Colleague: 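One structure, as structure tokens, below. Some questions next.
These numbers come from a predicted model, not from an experiment. Residue indices begin at 1 and follow the sequence shown.
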Amino acid sequence: MTTIRQRKGGKVPEADEDQPSEEKNVKSEGKILSDHTGGKLWNILSLTVGGIVAIFLGLLTSVYVATLHENDLWFSNIKEVEREISFRTECGLYYSYYKQMIQAASIQQGLHGLVYDNKTESVRTINILERMNVYQEVFLSILYRILPIQQYLEPVYFYIYTLFGLQAVYVIALYVTSWLLSGTWLSGLLAACWYITNRIDTTRVEFTIPLRENWALPFFAVQIAAITYLFRSHLQPAQERWTLLAVFVATFLFSLTWQFNQFMMLIQALALFILDCFDILPTAKVTRLYIIQISGLLLVCALQFFNSMILGSLLISFNASILIARTIQKNLKKGSLLSRLGKLILHALLVSSLTLLVNKFIKKILNLESDEHIFKFLKAKFGFGATRDFDASLYLCEEAFGLLPLNTFSRLSDTLLFYVYVFVLFPMTVTAVIVALRNLSCSNQALEKMEECTISLKPDAAYNLIHTVLFGCLALSTMRMKYLWTSHMCVFASFGLCSTEVWRLILKCVHLYTSQRTQVIKYLIPIITLLYILYKFWPGIMDELLELREFYDPDTVELMNWIKSNTPNTAVFAGSMQLLAGVKLCTGRTLTNHPHYEDKHLRERTKQIYQIYAKRSPEDVYRILRSFSTDYVILEDSICYERRHSRGCRLRDLLDIANGHIMDGLGENEPDLKPSLYPRFCEEIKKNLPSYTIHFTRVFQNKTFHVYKLAKHK
């Protein structure tokens, strides 16, 4: 049967059809090229604007904290001795080495004075560069001497402006980390704003300027930003090499500037270990980070004249143990779920055992006891037996080493930071657990599922998640370490609020997900949050900047001026660690003890010197003080009659317990404590009894301090 159908086109119609088709292709290609060019221009514009905002916020933070410091102390108007006294406790000790280098006849003589120092601890010559992390003071002093700025800028301002400048680096690093995680610089803007508005809980640089953590934390933030970038997928080899170099430099500078670096990086190594065990991070990159941590620490060790405390650190033992355990245990990432869980448990036990064995072996060889007080403190803090150890008790009784106060969370909640942080943390943690279990179940034959798992929780987000969880645990247990957590809390919360992945997950859970809705929410909610912060806290910040105070400590100023005018340059002073740091800075006199507590001999010496506040005979105290060549002893009423701490935590109570004596005041005592045969030395000496005046003569007195000169009996 014949049917009629549409005639196929001949040659001429074919030509007519081809022409529109070619035009369509040309238009399509032109559109793609136009979109590509437009997208590239938009990325360049976004990077430029985001970079300018980051630098602006960093500089704004520096100016803000510098202004607060000036307004609080009227630093530009007070005398030099008052400026130096404002560097309290160990801050004054560290700054004294900067001053010493500035005042030295030459750089070589200044360095020689630090390497062969006999004024920080009497009757001992110590290497300051080995014992303490003061290379930053050395570098700054050399820079000040060689730069043509002496006529325009005083040494103290060069020092403090450098620290305030590092705050700009800190904020920019937090900003960049959040930007990298979320993909939008709006996240970085929110992180920086939260850092500034939560200043009380994110930094204390404006009143503890020379503190080691104020030098170190900016470099730690840079390191975290570099690690976050390193864990991005599809990095080119050159990009990866440069990123690893940035991680190494930041790790080295962080380690060089803070004596507690090894404990912070140990937590970081633990985070990497956990994520690597669950296949969330690429093993090759994690291994490189372990090696960078070890090499950075060993380089610092070499610069610090092979400081034994670094060699005996748990970090080196832990990282070395992981690398050894990997060579022993093969096929860790193969098998069924139960098989892999069993292997992981064995792997964790092997690494833990090796860490303890390697660490004990190193400490045995080096006869290392410098950090034993830290482990005694940790043992007592976490309930592994009560302690009467004086050094551990000093830490336990300090508020800074106690649990994080609950009012911290109310302050963080006022800015919405804590609420957003918990809001982001919960779904991210649930996702991490699911991804970890899926990864363990996937084995190595389901690559598609592995890829799916990686998309569900990106490696960079996973690292920052475990980082914030572990450092959060540290902050909750030890208040002084909260600054490591709260700054990263700003990063993590802002990332979650601006993250497409987080909002997609949340909206899918409540069955409201659409691509358009996700894009609107990820920008709208952060903008509303920023407007709320601006509305609520901008007036308070302006009022704070208008509030003017003035440094006032006439008793300490009078004491320092008296010491400089009435005692020889070679005089040796005994007293509390905190005060003696100021004595060294303001007067240059020799000390018996000081606040840098990471040395066993110094801790034993300090306990002996502190017998001036215990119930000891004048003969005993005199003998102890003269054994350290003491010429003058300074007694402080604020310690002798202390009320700041409760009974059992006052310095005199700690000394009584350590000496086996009953404490003063109403309350219970341990059954084995006995009454002392002698009254409290710091109280009894003020009565000018013959048994005291034969050894001690009062030469200075004001409302706070009493200075006694020791007799030099033949």
Side-chain angles (χ1 to χ4, degrees), residues 89 369-405 476-480 574-579 592-593 595 597-625 627-628 633 635-687 689 691-692:
T89 65
E369 297 176 313
S370 298
D371 58 355
E372 65 177 8
H373 65 300
I374 296 172
F375 295 103
K376 287 179 181 177
F377 159 70
L378 292 174
K379 184 180 174 183
K381 182 177 180 65
F382 294 110
F384 297 104
T387 181
R388 287 188 180 180
D389 182 78
F390 177 73
D391 303 316
S393 298
L394 272 180
Y395 282 103
L396 286 169
C397 286
E398 280 301 319
E399 184 183 3
F401 292 94
L403 299 176
L404 189 66
L476 291 172
S477 65
T478 308
M479 188 185 79
R480 183 177 176 179
S576 70
M577 296 183 288
Q578 297 83 351
L579 179 63
T592 55
N593 54 306
Y597 220 49
E598 279 67 52
D599 180 77
K600 185 181 181 183
H601 296 294
L602 176 67
R603 293 195 295 271
E604 291 173 348
R605 176 187 282 229
T606 298
K607 183 181 175 182
Q608 289 296 305
I609 296 295
Y610 277 5
Q611 297 304 312
I612 58 179
Y613 296 109
K615 298 172 182 176
R616 298 291 292 269
S617 69
E619 292 77 18
D620 283 347
V621 174
Y622 177 81
R623 176 180 50 78
I624 291 168
L625 294 176
S627 70
F628 302 117
V633 59
L635 297 174
E636 301 169 61
D637 286 347
S638 58
I639 298 177
C640 191
Y641 306 108
E642 183 187 357
R643 294 179 181 177
R644 185 169 68 95
H645 291 102
S646 60
R647 185 176 184 270
C649 265
R650 299 169 298 189
L651 178 62
R652 62 179 186 267
D653 297 334
L654 300 181
L655 290 164
D656 288 342
I657 293 169
N659 293 339
H661 298 152
I662 290 174
M663 295 181 287
D664 292 339
L666 298 174
E668 295 183 358
N669 290 281
E670 294 292 331
D672 59 329
L673 296 179
K674 307 294 181 186
S676 173
L677 298 174
Y678 303 98
R680 195 166 302 283
F681 177 84
C682 63
E683 297 175 357
E684 202 70 10
I685 193 174
K686 295 169 186 173
K687 297 178 181 178
L689 299 174
S691 57
Y692 288 83

Colleague: Please enumerate all residues that pass ring-ring contact (aromatic ring centres under 6.0 Å, His included) together with Phe401, with sequence neighbours excluded.
Modeller: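 Once residues adjacent in sequence are excluded, the partners of Phe401 under the ring-ring contact (aromatic ring centres under 6.0 Å, His included) criterion are Phe377, Tyr395.
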Colleague: State which residues pass side-chain hydrogen bond (donor to acceptor under 3.5 Å, both in side chains) with Tyr641; sequence neighbours excluded, sorted by chain then number.
Modeller: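 Expected list: Lys686.
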Colleague: Sort and list the pairs that fulfil salt bridge (charged side-chain N to carboxylate O under 4.0 Å, His left out) and have at least one residue in residues 667-677, not counting sequence neighbours.
Modeller: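 Passing the test, one end in residues 667-677: Arg388-Asp672.
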Colleague: Does some side-chain heavy atom of Tyr610 sit less than 4.5 Å from a side-chain heavy atom of Asn593?
Modeller: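 Yes - at least one pair of side-chain heavy atoms lies under 4.5 Å apart.
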Colleague: At what distance, to the nearest 0.5 angstrom, does NZ of Lys607 lie from CZ of Arg603?
Modeller: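 Reported value, rounded in 0.5 Å steps: 12.0 Å.
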Colleague: Using the test side-chain hydrogen bond (donor to acceptor under 3.5 Å, both in side chains), find all partners of Gln611 that sit at least two apart in sequence or belong to another chain.
Modeller: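 For Gln611, the residues satisfying side-chain hydrogen bond (donor to acceptor under 3.5 Å, both in side chains) (neighbours in sequence not counted) are Arg616, Asn659.
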Colleague: Apply the side-chain contact (heavy atoms from CB on, under 4.5 Å) test between Val633 and each candidate in Thr592, Ile612, Ile609; give the one that qualifies.
Modeller: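 The passing option is Ile612.
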Colleague: Check side-chain contact (heavy atoms from CB on, under 4.5 Å) between Leu689 and all other residues, then give those that pass, not counting sequence neighbours.
Modeller: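 Scan of Leu689 (side-chain contact (heavy atoms from CB on, under 4.5 Å), adjacent residues dropped) gives Glu684, Lys687, Ser691, Tyr692.
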Colleague: Taking salt bridge (charged side-chain N to carboxylate O under 4.0 Å, His left out) as the cut-off, I'd like each qualifying pair that reaches into residues 640-650, sequence neighbours left out, listed once.
Modeller: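 Counting only pairs at least two positions apart or across chains, the salt bridge (charged side-chain N to carboxylate O under 4.0 Å, His left out) contacts touching residues 640-650 are Glu398-Arg644, Arg650-Asp653.
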Colleague: Would you give the length of the straight line joining atom OG1 of Thr478 to atom CG of Leu403, rounded to the nearest 0.5 angstrom?
Modeller: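 That separation rounds to 8.0 Å.
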Colleague: Return the set of residues passing salt bridge (charged side-chain N to carboxylate O under 4.0 Å, His left out) with Asp599 (not counting sequence neighbours), or none when no residue passes.
Modeller: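 Scan of Asp599 (salt bridge (charged side-chain N to carboxylate O under 4.0 Å, His left out), adjacent residues dropped) gives Arg124, Arg131.
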Colleague: Just do the side-chain contact (heavy atoms from CB on, under 4.5 Å) check on Leu654 and Cys397 with the steps written out, would you?
Modeller: CA-CA 9 Å; Leu654 300 181; Cys397 286; 4.0 Å; yes
Colleague: How about Ile639 and Ser576: do any of their side-chain heavy atoms sit closer than 4.5 Å?
Modeller: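 Ile639 reaches Ser576 side chain to side chain.
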Colleague: Report the residues that fulfil side-chain hydrogen bond (donor to acceptor under 3.5 Å, both in side chains) with Tyr597, sequence neighbours left out, ordered by chain and then residue number.
Modeller: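 Tyr597 satisfies side-chain hydrogen bond (donor to acceptor under 3.5 Å, both in side chains) with Asp391 once adjacent residues are dropped.
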Colleague: Could you pull out all residues at least two apart from Ser676 that satisfy side-chain contact (heavy atoms from CB on, under 4.5 Å)?
Modeller: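 Only Lys615, His661, Tyr678 meet the side-chain contact (heavy atoms from CB on, under 4.5 Å) criterion with Ser676.
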Colleague: Identify the heavy atoms of Pro618 and Phe681 that sit nearest to each other, and give their distance.
Modeller: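 Answer, listing the atom of Pro618 first, then Phe681: CA-CE1, 4.0 Å.
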Colleague: First locate atom CG of Leu602, then atom NZ of Lys600, and finally report the distance between them rounded to the nearest 0.5 Å.
Modeller: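 Those atoms lie 13.0 Å apart.
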Colleague: Test Leu651 against Leu394 for side-chain contact (heavy atoms from CB on, under 4.5 Å), laying out the working first.
Modeller: CA-CA 8 Å; Leu651 178 62; Leu394 272 180; 4.1 Å; yes
Colleague: Taking side-chain hydrogen bond (donor to acceptor under 3.5 Å, both in side chains) as the definition, give me every residue that meets it alongside Gln608, ordered by chain and number, with sequence neighbours left out.
Modeller: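 Not a single residue meets the side-chain hydrogen bond (donor to acceptor under 3.5 Å, both in side chains) criterion with Gln608.
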Colleague: Go through the structure and list residues passing side-chain contact (heavy atoms from CB on, under 4.5 Å) with Cys682, not counting sequence neighbours.
Modeller: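 side-chain contact (heavy atoms from CB on, under 4.5 Å) check on Cys682 returns Tyr613, Leu635, Cys640, Arg680.
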Colleague: What is the distance from atom CG of Leu378 to atom CG of Leu396, rounded to the nearest 0.5 Å?
Modeller: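 Going from the CG atom of Leu378 to the CG atom of Leu396 covers 9.5 Å.
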